[in-house]
There are 2 protein chains.
Amino acid sequence: MDSLRRRLQTFSAIPEEAWEKFSTFSGVEVREFEKGEIIVRAGDPAEVIFIVHEGWARRYRMIGDGRRQITNFMLRGDVFDLQALSSLKADHFVQAATPLTASVFSSRDFLTLIRRSGDIAASFWWAAVQEESILREQIVRIGRRTAEERIAHLLLELRRRLRAAGSEEESIDLRLTRTDLADTLGLTPVHVSRTMSRLRKEGLISEEKGYIHIENLNTLQKLAGFDANYLHLPMALSGKDDQVPALENGADNAAP
Amino acid sequence: MDSLRRRLQTFSAIPEEAWEKFSTFSGVEVREFEKGEIIVRAGDPAEVIFIVHEGWARRYRMIGDGRRQITNFMLRGDVFDLQALSSLKADHFVQAATPLTASVFSSRDFLTLIRRSGDIAASFWWAAVQEESILREQIVRIGRRTAEERIAHLLLELRRRLRAAGSEEESIDLRLTRTDLADTLGLTPVHVSRTMSRLRKEGLISEEKGYIHIENLNTLQKLAGFDANYLHLPMALSGKDDQVPALENGADNAAP
DNA sequence: CGCAGCCTTGATCGTTCTCAACTAAGGTGG
DNA sequence: CCACCTTAGTTGAGAACGATCAAGGCTGCG
């Protein structure tokens, strides 16, 4: 449960006592999913809540004639389908993007758990708020950024989130296909390929066996207009190379 | 508080007793905002929660060189800035799109209130989940739909939400400028104008003094690929003309 | 009446898409 | 161990959707 705890703690310290209740809770079941396995299916009742231990998942929706839109990725430490707390039907799919290990709670047990500790409840509120913020940023990304900016911005977000989840590596273990990136960013795989080639030629990123390395963080951040504030991560978690240019806090934030 | 109650009740009945606590809560203050007034400013600490009584608000984010992206609209009955519960800094603006009346709670008072009633708390969870779902749909809209589909889809969503909030009217009181629509849908005002002209010529919508009337609901829904499920509104609230074609539940929902 | 803001329409431009062919890498079976 | 197959990435050429630039019209308001 370390990744979860680390994650929840970033908002506010969880008292040892509350944590005990949580981690010894009998309803927890750890499950493994294969790469590509569908974890949540649109139309099925949402009745369980997942916490990612290891691996990646993607949430997406299909619309007519095969178009797919990935709305977001769930990484190590992420909680998902909090939606199940309202016992609705899932309106999207969740699929393991890599082999995935996750804790699974029934939403009923989860609610019981939350009632027992206001601290835990607050942590989950925070998780929900953070996810909303990530979704909003995704809207801005695909609504108002160019292809190059979109790709750079998404890479920076994923890098940031992976590091917040404890990754020490400099490279992003980004075994996402061009099609995944395209379906996330509202582009075509062909154009993603072209644009990433350009980023490579410009010396901003490099790739090796599905790992992406950011070669020039500063320039990439400027290019993307990346400001990590929306992730609401405490400073302690960001590396010292992550100084965020206050790009979008000056003239940008003026009311129109 | 009727609009709020109606809204919250759509998820689960709130016991009279719990409602009493809520509506007589002394911390509530009703405030009025002028059209165009900034209600929440990016960078300011988020410390209050709003419930819309009357009017519209828009939430948006500014990025470099004046680009604006509206992430969503808050209508009658909507609760916003639940984010304040985690006492973070706002990462976006909220602005009154029309003259606006809203109840304002301090987030602290709000938390107290929520602790007193699990029913009320559950209702707010539901509100948060619904908002997330709306955000995800917005991502799909701008990521994978054409300009025509985007406009049609947004109009249908707004109509649906207005009706769920109690509007009896057939027309949508949509005093949004083309620029607003453009900034919501990731388009330019010019292209929105052109596309809406086309929808008018095709007899799908008509406009009069900022009111938009949907002339051919069925065709528009098909065109937009609109499936209201994501709004998670109980059927009781939808008019009988709102039969939703199960467009996106057949082949569409197959895993790729 | 005149200004300001918004909408509309036309002409042209450009980013991104589509279609298509080729390459590279990995897996499988003979 | 190599031939074959599949899947993903790359690159080119041309098309299309939406952007940009620009001019003119309508409406409301001081």
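Phosphate proximity of dT9(C) to R178(B): absent, as no side-chain N or O sits under 4.0 Å from OP1 or OP2. The side chain of S193(A) places no N or O atom within less than 4.0 Å of a non-bridging phosphate oxygen (OP1 or OP2) of dT11(D).
In plain terms, the two heavy atoms of D81(B) and I49(B) that are nearest each other are O-CG1, 3.3 Å.
Between D78(B) and R76(B), none of the side-chain N atoms (NZ, or NE/NH1/NH2) sits under 4.0 Å from a carboxylate O, so this pair counts as no salt bridge. Looking at R67(A) and D65(A), a side-chain N of the basic residue comes within less than 4.0 Å of a carboxylate O on the acidic one, giving a salt bridge.
Side-chain atoms of W56(B) and L162(B), non-hydrogen and from C-beta on, do get closer than 4.5 Å to each other.
Remark: E215(B) engages S206(B) in a side chain to side chain donor-acceptor pair (under 3.5 Å) (not counting sequence neighbours). Applying the side chain to side chain donor-acceptor pair (under 3.5 Å) criterion to N216(A), with sequence neighbours excluded, gives T219(A). Scanning for side chain to side chain donor-acceptor pair (under 3.5 Å) contacts around R141(A) gives Q138(A), H153(A), E157(A), with sequence neighbours left out. Every residue two or more places apart in sequence or in another chain was checked for a side chain to side chain donor-acceptor pair (under 3.5 Å) with R194(B), and none qualifies.
Per the geometry, CG belonging to D180(A) stands 9 Å off P belonging to dG9(D), to the nearest Å. Computed from coordinates, the I212(A) CD1 to dA8(D) C1' distance equals 14 Å when rounded to whole Å. Atoms CG (L181(B)) and C1' (dT8(C)) sit 15 Å apart, rounded to a whole Å. Between E207(A) atom CD and dA8(D) atom P there is a gap of 15 Å when expressed in whole angstrom units. If you measure from atom CE of M196(B) to atom P of dT9(C), you get 13 Å, rounded to the nearest angstrom.
Terminal axes of the helix from dC1(C)-dG30(D) to dG30(C)-dC1(D) (five pairs each, C1' rotation axis) are separated by 30°, to the nearest 10°.
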> How does each nucleotide of nucleotides 12-30 of chain D score, in 5' to 3' order, for protein heavy atoms under 4.0 Å: base (B), sugar-phosphate only (S), or none (-)?
Replying inline: BB----BSBB---------
